[in-house]
Amino acid sequence: MARFRALVTVVRGTWRRSLQLRVVTITLVASGLLVGGFAYMVASQSTNILLDRAREDVKRRLEHGGDYAAEQMSVHPQYFDPQVRVTFEQTVANLAGGEPDQVGGVVVVMTASSYPLIQPAISPAADVSGMITPELAQHVGSGAQAHQIRSGDLGEGRLKYLVYGSPVPTKFGQVELYYLAPLTTQDQAANQIRATVLITGLALVMLLGLLAALVTRLVVTPVRVAARTAQRLSAGLLDQRMVVDGEDDLAMLAASFNQMATNLQRQITRLEEMSRLQRRFTSDVSHELRTPLTTVRMAADLLFAERDGFDPAAARSAELLQTELDRFESLLTDLLEISRFDAGFAVLDSEPTDLVPVVRRVVDRFDGLAERLGVRVDLRLPSTPVIAEVDPRRVERVLRNLIGNAVEHGEGQPVVVTLGMDDTAVAVTVRDHGVGLRTGEDKLVFNRFWRADPSRARQTGGTGLGLSISLEDARLHGGWLEAWGAPGQGAQFRLTLPARAGDRLVSSPLRLMPEDLPADGSQSAVAPAGEPQSVVAPLATVPEQAAGDPAAAGARK
């Protein structure tokens, strides 16, 4: 059974993958049914024609033989005449072999069913008891002609016979005359016709199948070449092209495909160059701004330290200058980090780390902001250490962004931070009860410099790059960073990382949907940052992720 199922699976897979196989199979089945029906009709009609001719021939001979038998029997006025038996035998002998056009092998039988004293006469001698059935004898005895086809052995092997009977009138009453004509010639002719039709039909079906295979190959081969070329193009081999042969539709397809590939290569090269220049520009500007920023920072630190001796307006200006310089320096740091991610230079320094103190340390950092905004941060941490192979600096940066956003946009409601783990992964969820994320904005919340409400004031001086950098940090670990949100129900972000560096994630130990909502809540999960799941988690199938929405993301970093 297992082998049969495996065979069925292989056949089904081949059937679904091969267009040529499907076309050839359908052609063979359709032509086979058509040719089979035609062959059956031809063979049936031919057999009927041969049988009808045999019937007509036997019927004609039977009528002639009946007249001859009636003439011979007319000399006997009484059935008990001793010569009746002799006349019976002479008559069937003459009818069986005495006529010039008589078909060889015909058995002639005369009976007198109404006169038991008269024994049947058979020529040539044979046992015909099984050939003349009671039904046939009854019909002929009633005065009507009748016939049937029977099989039997009359001395020449088992053959098929056409048995034809007819009443013969005499002076003393009625006797019956039967002709048993073998259908050997007709059977042989019918078999030859069937064989000829069958061989011709099979040859025609095979020819149609071969023709379908050739025609399909002419069409499928360029399509397969186009598919392979497209796969190579998608793999980055932008110089791959199809061979253009001829001027037909397939050649036009190949030429159009090559033109499309050339345009794509040109456009991709142009975009790559623009992206490279953009990354270089960002990196160069960030580095170049370091020198003047250092000078301005020194002057600002001096002014900020002496602000107590200034008049109130100047002192306030020094404080504002210090604050904006801090934000500017943070922005430069984030830009440099983004440029490293874009250039592919980001390196993961994984080490076994207990995440419980990491989470506590990040939460403690926001105690002042939480107290000022009236937000309570609840920690739900395991009582045992949660060890994972991660880069603690990057994980701490991700948690700073998530918890800072939740505190800032929590609308005075509690923020819940949960840490969980299983055998293969660790996860941290950050849940706020603010205005939430509107449908569709979860696709934007991880974009650089994106804000749901540009007019909303920042409490923490974020740069607008925090969640973008956090997403790149999660990807660098081979993990997921996901968002869920619903208007008026707040938002929840979930960071899931493999417990061992390099492992593949298949699930998360914590739900993306908040625990305080039903498991079948009305909001469904969607991939973060509006990217395909394979982008967010290239090493695994990302589980459900929620549609983000902000007003709470209103100004998510």
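Values below: all heavy atoms of this structure, side chains included; hydrogens, waters and symmetry mates excluded. All values reported here derive from a predicted model rather than from experimental measurement.
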Identify the two heavy atoms, one from [X] and one from [Y], that lie closest to each other, and give their separation to 0.1 Å.
X: Thr111; Y: Tyr178; answer: OG1-CE1, 3.6 Å
X: Val168; Y: Gly66; answer: CG1-O, 3.8 Å
X: Leu208; Y: Ser31; answer: CD1-CB, 3.3 Å
X: Leu62; Y: Ser166; answer: CD2-CB, 3.4 Å
X: Thr27; Y: Ala212; answer: OG1-CB, 3.6 Å
X: Leu50; Y: Ala190; answer: CD1-N, 3.8 Å

Could you check whether any side-chain N or O of [X] sits under 3.5 Å from a backbone N or O of [Y], counting only pairs where one atom can act as donor and the other as acceptor?
X: Thr221; Y: Leu218; result: no
X: Ser234; Y: Gln231; result: yes
X: Arg494; Y: Ala427; result: no
X: Arg500; Y: Thr424; result: no
X: Gln72; Y: Thr87; result: no
X: Arg85; Y: Pro120; result: yes
X: Thr25; Y: Arg22; result: no
X: Gln489; Y: Gly436; result: no
X: Gln492; Y: Arg511; result: yes

**OP:** Look at Arg60 together with Glu56 and state whether they make a salt bridge at an N to O cut-off of under 4.0 Å.
**Re:** no

Subject >> Charged N-O contact under 4.0 Å between Asp57 and Arg61 >> reply: yes

**OP:** Run the numbers on Tyr161 and Leu183 for side chain to side chain contact (heavy atoms under 4.5 Å, CB included), then give the verdict.
**Re:** CA-CA 5 Å; Tyr161 288 85; Leu183 297 177; over 6 Å; no

Original post:
According to the interplanar angle, ranging from 0 to 90°, do the rings of Phe172 and Tyr115 count as parallel (below 30°), tilted (30 to 60°) or perpendicular (above 60°)?
Top reply: perpendicular

Subject >> Side-chain donor-acceptor pair present, Thr262, Arg241, cut-off under 3.5 Å >> reply: yes

With a 4.5 Å limit on heavy-atom distance, are the side chains of [X] and [Y] in contact?
X: Val107; Y: Pro124; value: yes
X: Glu89; Y: Ser123; value: no
X: Arg194; Y: Thr47; value: yes
X: Leu467; Y: Leu471; value: no
X: Val84; Y: Phe88; value: yes
X: Leu154; Y: Val128; value: yes

**OP:** Step by step, work out the side-chain hydrogen bond (donor to acceptor under 3.5 Å, both in side chains) result for Glu176 and Ser113.
**Re:** CA-CA 8 Å; Glu176 296 84 32; Ser113 58; 3.2 Å; yes

Interatomic distance, [X] atom [atom1] to [Y] atom [atom2] [nearest 0.5 angstrom]:
X: His139; Y: Gln148; atom1: NE2; atom2: CD; result: 10.0 Å
X: Leu253; Y: Met260; atom1: CG; atom2: CE; result: 9.0 Å
X: Leu348; Y: Glu389; atom1: CG; atom2: CD; result: 10.5 Å
X: Ile122; Y: Ile132; atom1: CD1; atom2: CD1; result: 7.0 Å
X: Thr418; Y: Arg431; atom1: OG1; atom2: CZ; result: 10.5 Å
X: Trp480; Y: Leu495; atom1: CH2; atom2: CG; result: 11.5 Å

**OP:** Quick one: do Gln90 and Asn94 satisfy side-chain hydrogen bond (donor to acceptor under 3.5 Å, both in side chains)? Show the steps, please.
**Re:** CA-CA 6 Å; Gln90 291 178 348; Asn94 291 334; over 6 Å; no

Original post:
Should we count CD of Gln138 as having more than 12 external heavy atoms under 6.0 Å?
Top reply: no

Original post:
Has Met252 got more than 12 heavy atoms of other residues, nucleotides or ligands less than 6.0 Å from its CE?
Top reply: no

**OP:** Let me see the working for Leu233 and Leu264 under side chain to side chain contact (heavy atoms under 4.5 Å, CB included), right down to the final yes or no.
**Re:** CA-CA 9 Å; Leu233 288 173; Leu264 285 176; 5.7 Å; no

**OP:** Please test Val219 against Val23 for side chain to side chain contact (heavy atoms under 4.5 Å, CB included), starting from the C-alpha separation and ending with a verdict.
**Re:** CA-CA 11 Å; Val219 177; Val23 172; over 6 Å; no

**OP:** Please determine which of Gln265, Gln267, Gln259 meets the side chain to side chain donor-acceptor pair (under 3.5 Å) test together with Asn263.
**Re:** Gln259

Original post:
Could you go step by step and tell me if Gln145 and Glu63 meet the side chain to side chain contact (heavy atoms under 4.5 Å, CB included) rule?
Top reply: CA-CA 10 Å; Gln145 285 189 352; Glu63 291 176 350; 3.9 Å; yes

